[in-house]
Amino acid sequence: MSPPASPTAPRVLDLDGITKRFGPVTANEDVSLHLDRGEIVSLLGENGAGKTTLMSILFGQYTADAGTVRVEGQELPPGKPRAAIRAGVGMVHQHFALAPNLTVLENVMTGTEPLWKLRSDRAGGRARLMALSEKFGLKVDPDARVSDLSVGECQRVEVLKALYNDARILILDEPTAVLTAQEAEGLFSTLREMAQKGLSLIFISHKLHEVMSASDRVVVLRRGRVVAERRTSQTSKEELASLMVGREVKRPARPPSTPGRVLLEAADVHVGGRGGASLKGVSFRLHAGETLGIIGVSGNGQTTLAGLVSGLHAPDSGSLLIDGQTPARHDVPHAIAAGIGRIPEDRNAEGSIGDMTTWENAVLERIWSPEFSRRGMVKRAAARAATEAIIRDYDVRGATVEGRIRLLSGGNMQKLILGRVLNAGPDILVAAQPSRGLDEGAIAGVHERLLEARGRGAGVLLISEDLEEVIGLSDRIRAIVNGRLSPAIPVEKADAQTLGLMMAGDWSAAAALEAEASHAL
Amino acid sequence: MSVLFDILSSVGMWEAVLRIATPLIFGTLGVLLCERVGVLNLGIEGIMTFGAMVGWLSVYNGADLWTGMLVAAAAGAMFGLLHALMTVPLGLSQHVTGLGITLFASSFSYYLFRLAVPTSSSPPTVEPFRPLAVPVLSDIPFLGPVLFTQTPPTYLALVLVALLAWGLYRTPLGLALRMTGENPHAVDAQGIDPVRLRVFTIMAGSALMAMGGAFLTLAAFNSFFPTMVQGRGWICVALVVFASWKPGRALLGALLFAFFDAFQLRLQTVVDGVPYQLFLMLPYLLSILALILMARRARVPQALMQPYRRGER
């Protein structure tokens, strides 16, 4: 089943029959994988398919129960990261293994010299780092503190750290999960260049378009087993998707709906900085039974816009009408009481409290409602019952009512948050990056729920960087650019070129389309 | 005002500052080491007491003074090992373990002391470290007697500050230690075992704490009594924050606190009509103020108080 490797390139890596169990759970079962020099192989699989476990075994962070790892023909001793590094294996971790208080150079040099040397060779280290940075086009300032770097820069440092250790095999664990689309593009061209210079790369991902554009060969992992291996040129997104999930995944289609009354109306709203980009005069309407999609490059005010609608920020100037009325106070409790539900952008930091139980998290936003408390006492039985209902109805896997929520995977945590929000029956739903970091199966589930809410007559404000998602779900689309909103175009008129112009700040075509649509009504 | 001037211009005052600062320097460096690898060590108060006791006991039983210091350091390292084993591989609460060690080590010190000296009501004394005048340098007017006629452990403390600063910032080991306190995963990913680094560093730090305690019995008070550490350990914990986890600033902090202390002692003798307790309070009050000013800018080691387990974030 394995396609023939290119005849000239020598084999650099062989994983043979790797099996790893965590208690009753089998993370990897008899997994074999090989890599040739100068090749980019994608390891594709849903969250929890065993990709990261496999790579941790390769890197010596876990010990396999069975199987061997050979680098350039030499077998690696199990459980020894040091040996893996010496053999030329470098790993770029999903959550960066960097220290924010230390400088770039310090981060890169950690552990690269014999520990008992009396003096660290900083000048030599700096020269070497700069040479690598030059060679691979990865620009960094060696003296910058990591805490001052953007996510994209942090990733560059991670890659440089591996190269500094003489890595010839580079493993990137979901490298784009934290990057913007532009940063991801930049990363892919860097990876190509690195492969051309003789490095071999393993690229872990669950995003199909990345896998298609970044790799030569794809290995699909499902429930810990290799289920298929394809050359990228001989497969398609659709085939990979069904291989990965084990069934055909179709994102749900958007049924027609007639927009109702205006639920939310913003007119020339300004919101100052407060840590995010500010809003500089946004105006929009959100109707019942419609989804308004907001696209844009991250950092243009999306977070502040979501915060405005969900009550985290009150307008500095301009007006915000909820259901035709100016709210007496616009803060989170009042917004919740007014029927505004929120799917926060960062589900770990803003959407949940990791060390609290599932039921506590599930009722958190409405703990003061008579449904869940009386005279300051929590109605535990009611809260637990509601949580059980969410777990059942939204298929939150791995969750128990009393379990800590941090143990849930991203997709299941998102399902719980969806359940929490939608069970309150919101009139207005703010969904910020609702499928970020989720796998195909979970994304389809989230989309279905958002369409359901719309079908029920809620107005959905969908803020997303994923164009495919916005086009699939929205009735009208606006772009956010530098704190301002473009005119709204109907989704039927949304093609790649129009959306691109909108995100770049050229709104003449959009304005014409908006005018045309309002005439048609 | 002339009273103040008299105090501030006296050699005795400044010589006392350095003497009072010495145990604080040892203790602060000890806490600093532990926290730089990410572990809070609230055992310091008890470890200093124990160091004071065993140092004194060794010398009382005929060992020479440096052997007494070494015995104290070894005992401190053992308590450090206890703290490290509970907080690093087992990942128990660092607060609870540290406070437990303080309670245990303090009581145990008194117990051993009473075993050794069952009857005496006034604590027996030992022959302490004598001031050692550094040739030539001690002849410099004013600075000579202040800086260069101290006891040997004071010189050792000053040398340790420099050594630690060099070690942390100029050597590969120091970088690995700092990284362990910031992100142990990164250290592990480079093939260095952060658990071992933590355990050994906590032992070294605790040894320094115990030496600070031994200074009290072997160079300052010449005898042991159970309450003699008097919160110096807690001051060291605060000084580390004041110092923003940097050895040079730790020295500065220790000197500052010692200055307030020496100053209030002398103020007590010349100012009448004010309860002496107010003066006793002064250094602590001023330390809190200094801490508030300095701690705003402090860069806390990011992994402080976070147990490390492989494969867990």
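So you know, we letter chains A, B, ... as the sequences are listed, proteins then strands, and number each from 1.
- Among B/Pro172, B/Gly181, B/Ala186, the residue with the largest count of heavy-atom pairs under 4.5 Å with chain A is B/Pro172.
- Taking a 6.0 Å sphere around CZ of A/Arg128, one finds it holds more than 12 heavy atoms contributed by other residues, nucleotides or ligands.
- Counting heavy-atom pairs under 4.5 Å between each of A/Thr112, A/Leu98, A/Thr53, A/Thr110 and chain B puts A/Thr110 at the top.
- With sequence neighbours excluded, the residues forming a salt bridge (Lys or Arg N to Asp or Glu O under 4.0 Å) with A/Arg404 are A/Asp355, listed by chain and number.
- Nearest heavy atoms, B/Gln302 versus A/Asn101: NE2-ND2, 3.7 Å.
- Taking non-hydrogen atoms and a 4.5 Å limit, the residue list of residues 113-126 of chain A in contact with chain B, ordered by number, reads A/Glu113, A/Pro114, A/Leu115, A/Trp116, A/Lys117, A/Leu118, A/Arg119, A/Ser120, A/Arg122.
- Looking only at side-chain heavy atoms (C-beta outward), A/Met109 and B/Met179 stay at 4.5 Å or farther from each other.
- Among B/Thr171, B/Val187, B/Ile192, the residue with the largest count of heavy-atom pairs under 4.5 Å with chain A is B/Thr171.
- Within the 4.5 angstrom heavy-atom criterion, only side-chain atoms of A/Lys161, from C-beta onward, approach chain B.
- Contacts between residues 79-97 of chain B and chain A, counted as heavy-atom pairs separated by less than 4.5 Å, involve no residue at all.
- One distance of note links CG of A/Leu102 with CZ of B/Arg178; it measures 5.5 Å at 0.5 Å rounding.
- The closest side-chain donor-acceptor pair between A/Asn107 and B/Glu182, if any, does not fall under 3.5 angstrom.
- Top candidate by heavy-atom pairs under 4.5 Å with chain A, chosen from B/Ala303, B/Ala189, B/Ala176, is B/Ala189.
- Partners of B/Trp66 according to the ring pair (Phe, Tyr, Trp, His ring centres under 6.0 Å) rule, which considers only residues two or more places apart in sequence or in another chain, are B/Phe129.
- Nearest heavy-atom pair across B/Gly191 and A/Pro81 is CA-CB, 4.1 Å.
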